[in-house]
Amino acid sequence: MTARVRRGGESQGAKFSRRELLLMWIVGFVGPAIVRTLGATWRTRVVNHKAVERIHTGGGAVVHAFWHGHILPLEYIYRGRRIFVLSSWHRDGEMSARVMTGLGFGVERGSTSRGSVRGLLKMIARARSGYDLAITPDGPRGPARRAQTGILYLAAKSGGVIIPAAVAASRYRRLSSWDGFLIPLPFSRVVVVHGEPFEPVDPDPGSVDLEAKACRLGLELDRLAELALEMLKAAEFRRGPGYRLYRGLATLLWWIALPWSALTRSMGREEWRERLGRAPKIPSGSLWIHVASVGEITAALPLVRALVYRGERVVVTAVTPTGVEVARSLLGDVCSVSFAPLDFPAAVSQTLLRMQPRALILAETELWPNLLAIAERARLPEAVVNGRLSERTVGRSEGLLSPLKGAGRVLALAAVQTEADRDRFLRLGVSEGVVHVVGNLKFDTLARPLSDGERRDMRASLGMEQNEKVVVFGSVRPKEERGIVGVLGELLGEIPGLRAVVAPRHLARVAALEKKLSEAGIATVRRTHLGATSESEKRAVVLLDTTGELSSLYAASDVAFVGGSLEAYGGHNPLEPAAQHVPVLFGPYTDSCRESAQELLNSGAAREVQGYGELASELKTLLSDQRALASMKNAAAHALASGRGATARTIELLETAGLLMSEAERSDS
């Protein structure tokens, strides 16, 4: 015996045996309860659902597209919403339709393959009435994971927007059917990733290649499936032996820090309250930007201001007291600033609870294991901006007991400075599509180059003629002072009419450096005394005793040396003179500015010297070779021009990754 299934009095044209009908009735009765029970045990993470919300906010209908095998988790996630599903005319399709009806879906019979015009027309009518649609574009019978053109026709005719989606599960059973039906097991982790709206098409086959568009949709669904799997692996480093050991030691230190802070009354101070998790309460939904110290704050300054300008709420945390002080002086008028929590699990958890941020953005190298792990567990999107990693750090992270082994998988975005940094972040576990080279944010913090007229005025203010050769020695450190004085003595003895500006890194060293220059017989005048010095008393060296002027004074020079680099101080920012299109020299100790120094060396805008003798030799060579000077100046101008724009590129990537507010959210706030 067979029977024809009917809905609403209309024959559906499908014949089933009584046994099959009984099975359908049983599945339709218990299936929804099983899906709800099973789904309630999953630890589910839905990524980029804002893509769907944006379409709804604009009053449009969404056409959810996903492969056949991914339907079970999506049935649980989408249940009870205004969604109509196109179900195929066969036994399995009928059973699935009954389960989905029990979960609150609307169901139309048909498919996206040929011979299904009636089903497509009904779905078009539903979308025009304001319902979302759910479609498996690989058709009722396959081939599996090969998108058909019906979904494109459906979206174009209904005015709906296709949003592709994919699923991954940590523990599952996959049926041996052609679609590889995925059944997540109880208590498994499930990740659902939504893509961006798929490009609209013209439904007229004569005006567009629908097959090619369907192929692109299939490729996008495959890409999202791989991304979902990568995101599922993101939590794996939390179960690694290295992280477990690190977390245990950090927890032990937490129980030591609490009584210590009480005994020393440190907990009463703002710094320690915030370091131990008592962050100031701020409006939820802010962007948490975490930096280390002054250098990272300075680099992140244009990014923070740009984010605030576009309507984002921002809170900045810094590790060092100096960093917090500088951040408050530079950013206190536009955002909240506080101390970062120590990397104790309890401190990080309490900070997250009090802040309730929408996303965590880490600057440069601030990859703390507990911070990364706890934010990931809280489903907080995480990103690195202006990212950089040393070979040493990456090498350590690859060890079996490294707490950062595989930690890169938690990142939704890594916007890094160089190709070398990109390779290192990939080795850290960041997936290929997540890491992008955007350049160094420091380029966007640099002063604009002075015009020719401003350069002439700058030289005049220093009592220097336009035709004189000028060298600036910037950010000179104490251990370098005697060597720089020796270099100056050699240059002044061999280059007639040479003028120089010497700027100690700290003003407290002005008197000591002035004494050393005087003892070497070098005529010197302080910058603040220039107005009182007559033309007949013009001195060979101007000693800079003012603050905040060095970056613009570089524009007065023909060539500049950046100090802190001939002795083991780590160097200072060589981009400042390069920003004024001035050739740069520095020593071998550039750990604090490694990337910037290497970029200038690679471009030909800078040269590295190994000692004071080589510094003197290079200066004499350059000052006598106008062609070499001009070449380095052009290289500096090109390097700075190509380096600017990292801030805009970073914001674009943050927006694409879904870490920033949508336009609708910004207007509501």
Side-chain angles (χ1 to χ4, degrees), residues 35 38-39 42-55 62-79 81 83 85-86 96 100 105 112 132-139 142-148 150-152 154-155 160-175 177-185 188-199 213-236 376 379 381 409-413 430-434 656-658:
V35 172
L38 190 62
W42 298 335
R43 289 169 290 167
T44 306
R45 178 182 179 186
V46 181
V47 180
N48 196 27
H49 193 263
K50 293 187 181 299
V52 177
E53 294 173 356
R54 286 196 296 268
I55 305 302
V62 174
V63 180
H64 301 273
F66 46 88
W67 293 133
H68 259 89
H70 292 181
I71 193 169
L72 186 62
L74 293 172
E75 284 179 347
Y76 175 73
I77 292 168
Y78 293 152
R79 68 195 187 283
R81 302 184 184 179
I83 298 178
V85 181
L86 191 61
S96 178
M100 287 186 285
F105 292 85
T112 57
D132 282 355
L133 310 179
I135 304 290
T136 51
D138 44 354
R145 300 204 169 195
R146 183 180 298 176
Q148 309 295 326
I151 187 172
L152 301 174
L154 176 63
V161 180
I162 297 175
I163 299 288
V167 171
S170 60
R171 298 170 57 250
Y172 59 88
R173 290 288 180 268
R174 193 180 290 279
L175 302 185
S177 57
W178 65 264
D179 62 356
F181 196 84
L182 181 76
I183 305 177
L185 297 178
S188 65
R189 288 176 292 111
V190 176
V191 173
V192 177
V193 180
H194 292 94
E196 290 301 309
F198 194 71
E199 55 189 294
K213 292 289 180 69
C215 181
R216 282 201 287 275
L217 176 59
L219 291 174
E220 176 63 6
L221 287 169
D222 286 341
R223 185 191 72 83
L224 291 174
E226 293 177 3
L227 180 59
L229 190 59
E230 286 291 330
M231 300 186 76
L232 190 65
K233 294 177 180 177
E236 288 184 359
E376 188 277 330
R379 301 177 186 172
R409 295 192 181 105
V410 308
L411 297 177
L413 170 68
V430 181
S431 60
E432 186 84 22
V434 167
T656 302

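Heads up: numbering here begins at 1 and tracks the sequence.
Residues satisfying the side-chain contact (heavy atoms from CB on, under 4.5 Å) test with Ile55, not counting sequence neighbours, are Val62, Val161, Ile163, Pro197. In this structure, the side-chain contact (heavy atoms from CB on, under 4.5 Å) partners of Ala412, at least two apart in sequence or on a different chain, are Leu659. Take Arg223 and apply the side-chain hydrogen bond (donor to acceptor under 3.5 Å, both in side chains) test, not counting sequence neighbours, and it matches Glu220. Partners of Arg216 by salt bridge (charged side-chain N to carboxylate O under 4.0 Å, His left out), not counting sequence neighbours, listed by chain and number: Glu199. Arg171 is linked by a salt bridge (charged side-chain N to carboxylate O under 4.0 Å, His left out) to nothing, counting only residues two or more places apart in sequence or in another chain. For Glu196, the salt bridge (charged side-chain N to carboxylate O under 4.0 Å, His left out) criterion is met by Arg54, not counting sequence neighbours. Legend: residues meeting side-chain contact (heavy atoms from CB on, under 4.5 Å) with Val434, ordered by chain and number and at least two apart, are Val430, Ser431. Residues satisfying the side-chain contact (heavy atoms from CB on, under 4.5 Å) criterion with Ser170, sequence neighbours excluded, are Ser188, Arg189, Leu232. Under the ring-ring contact (aromatic ring centres under 6.0 Å, His included) criterion, Tyr76 pairs with Trp42, not counting sequence neighbours.
When all heavy atoms of Ala147 and Ala214 are compared, the closest pair comes out as CB-O, 3.3 Å. Here the closest heavy-atom approach between residue Ala155 and residue Ile162 is recorded as CB-CG1, 3.6 Å. Closest approach of Ala169 and Val190 over heavy atoms only: CB-CG2, 4.3 Å.
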* To do: I would like to know whether Trp67 and Val167 meet side chain to side chain contact (heavy atoms under 4.5 Å, CB included); could you show each step before the answer?
  => CA-CA 9 Å; Trp67 293 133; Val167 171; over 6 Å; no
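The side chain to side chain contact (heavy atoms under 4.5 Å, CB included) test with His64 is passed by exactly one of Leu74, Val52, Val85, Leu133: Val52.
Ring-plane geometry between His194 and Tyr78 is classed as tilted, the angle between the planes lying from 30 to 60 degrees on a 0 to 90 degree scale.
Rounded to the nearest 0.5 Å, atoms CG (Leu154) and CD1 (Ile135) are 5.0 Å apart.
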